[in-house]
Amino acid sequence: GAVVSQHPSRVICKSGTSVKIECRSLDFQATTMFWYRQFPKQSLMLMATSNEGSKATYEQGVEKDKFLINHASLTLSTLTVTSAHPEDSSFYICSAILHGAGIYNEQFFGPGTRLTVL
Amino acid sequence: QQQVKQSPQSLIVQKGGISIINCAYENTAFDYFPWYQQFPGKGPALLIAIRPDVSEKKEGRFTISFNKSAKQFSLHIMDSQPGDSATYFCAARNGNQFYFGTGTSLTVIP
């Protein structure tokens with residue numbers, strides 16, 4: 001159990017276009033999901049916390065209008081990179097928090113999405 | 001400010017040897033300490049985790065040692081195998097917020 005999927009796994013787009021990345025919790029409901037960005041050989045950088053039914057909470061320095069997050073249901077959060085530029089090229093990873101008896105609020109990660117902006 | 005400090009940055013171990021990765025923290029509000037394993041191009045996967053009321057947790061070849069007074073915890077990989085070659089992240093949790101170490105790239109030489 002506790003599987004998180006991401007789609008697409010990789011995307012290449014032209015500068016100026018918008019890209020949407022989906023994050024789904026497949027076998028559990030997640031009131032909280034996180035979006036991370038990871039540069040090569042570096043740690044995970046938290047971008048925002050996505051809460052179902054409410055606005056996302058963005059980390060300092062992350063542009064809200066650039067990275068639009070929608071958590072419309074208990075199993076789906078989306079990250080839209082608007083007007084993407086080459087500097088937005090990165091590995092984006094989502095995670096979902098699993099709550100429940102015997103589970104200590106662990107987070108489970110998606111497989112990541114490699115975004116390349118030309 | 002790095003809430004969780006991890007060392008070493010990289011580690012090379014012979015097959016069959018013991019890999020040891022260390023982490024330290026300052027915030028006593030942290031209540032859960034997981035370790036994640038990440039292969040290139042993949043998302044992190046939970047490897048093993050410990051709560052601060054336990055000093056050691058073992059799962060197969062992986063052991064977490066936790067020293068609450070020193071605010072340190074470490075991952076030991078016994079009988080390291082080439083398939084263990086990956087990047088390992090320690091983390092600490094406060095509420096729903098997770099703080100990650102900077103990662104350790106482990107290479108196990110056959």
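Chain naming here is simple, since letters A, B, ... match the order of the sequence lines and numbering starts at 1 in each.
Enclosure of atom NZ in A:K66 by more than 12 non-hydrogen atoms of other residues, nucleotides or ligands within 6.0 angstrom is indicated. Summarising the local packing, CD of A:E87 is surrounded by more than 12 heavy atoms from other residues, nucleotides or ligands at distances under 6.0 Å. Remark: A:H85 NE2 is packed, more than 12 non-hydrogen atoms of other residues, nucleotides or ligands lying under 6.0 Å away. Environment of CZ in A:R114: crowded, with over 12 heavy atoms of neighbouring residues, nucleotides or ligands closer than 6.0 Å.
Within the 4.5 angstrom heavy-atom criterion, only backbone atoms of A:Q42 (N, CA, C, O) approach chain B. The part of B:Q38 that comes within reach of chain A is its side chain, from C-beta onward, which places non-hydrogen atoms under 4.5 angstrom from that chain. Using a 4.5 Å cut-off between heavy atoms, A:T113 does not touch chain B at all. Interface remark: B:P34 contributes side-chain atoms only to the contact with chain A (heavy atom separation under 4.5 Å). Only the side chain of A:Q38 has a heavy atom closer than 4.5 Å to any heavy atom of chain B.
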Inset, instruction - Report the C-alpha separation of A:K41 and B:T87 in whole Å, then their side-chain angles, then the decisive distance to 0.1 Å, and conclude whether the side chain to side chain contact (heavy atoms under 4.5 Å, CB included) test is met. - result: CA-CA 9 Å; A:K41 299 188 184 301; B:T87 299; over 6 Å; no
Inset, instruction - Would you please test B:Y32 and A:E106 for side chain to side chain contact (heavy atoms under 4.5 Å, CB included) and show each step? - result: CA-CA 9 Å; B:Y32 181 66; A:E106 181 53 73; 2.4 Å; yes
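Counting heavy-atom pairs closer than 4.5 Å to chain A, the top residue among B:G103, B:P44, B:G43 is B:P44. Of the residues considered (A:P40, A:G112, A:P111, A:C94), A:P111 shows the highest number of contacts with chain B, using heavy-atom pairs under 4.5 Å. For the options B:G41, B:S105, B:G95, B:A91, heavy-atom pairs under 4.5 Å to chain A are most numerous at B:G41.
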Give the table of side-chain donor-acceptor pairs shorter than 3.5 Å for residues 52-65 of chain A, with sequence neighbours excluded, one pair per line with atom names and distance.
{"from": "A:S54", "atom 1": "OG", "to": "A:N51", "atom 2": "O", "distance (Å)": "3.4"}
{"from": "A:Y58", "atom 1": "OH", "to": "A:F67", "atom 2": "O", "distance (Å)": "2.7"}
{"from": "A:Y58", "atom 1": "OH", "to": "A:I69", "atom 2": "N", "distance (Å)": "3.2"}

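No continuous path of ILVMFWY side-chain contacts below 4.5 Å connects A:I21 to A:M33, so the two sit in separate hydrophobic clusters. Residues A:F109 and A:M45 are members of separate hydrophobic clusters, defined by side-chain heavy-atom contacts under 4.5 angstrom among Ile, Leu, Val, Met, Phe, Trp and Tyr. A:V11 and A:I93 are not part of a single hydrophobic cluster, where members link through side-chain heavy atoms under 4.5 Å apart. Tracing side-chain contacts under 4.5 Å through hydrophobic residues (I, L, V, M, F, W, Y), one reaches A:W35 starting from A:V117; they form part of the same cluster.
Rounding to the nearest 0.5 Å gives a distance of 9.5 Å between OH of B:Y36 and CG of A:L44. Taking CG of A:L46 as the start and CD of B:Q97 as the end, the distance is 5.5 Å to the nearest 0.5 Å. Note that the CG atom of B:N96 and the CZ atom of A:F34 stand 5.0 Å from one another [nearest 0.5 Å].
Clustering of Ile, Leu, Val, Met, Phe, Trp and Tyr by side-chain heavy atoms under 4.5 Å joins B:L11 with B:V4, B:V13, B:I21, B:Y25, B:F30, B:F33, B:W35, B:L47, B:I48, B:I50, B:V54, B:F62, B:I64, B:F66, B:F73, B:L75, B:I77, B:Y88, B:Y99, B:L106, B:V108.
Distance alone, capped at 3.5 Å, places no donor-acceptor pair between the A:S43 side chain and the B:F100 backbone.
B:K42 and A:F91 make their closest contact through O-CE2, 3.6 Å (heavy atoms, listed as atom of the first residue, atom of the second, distance).
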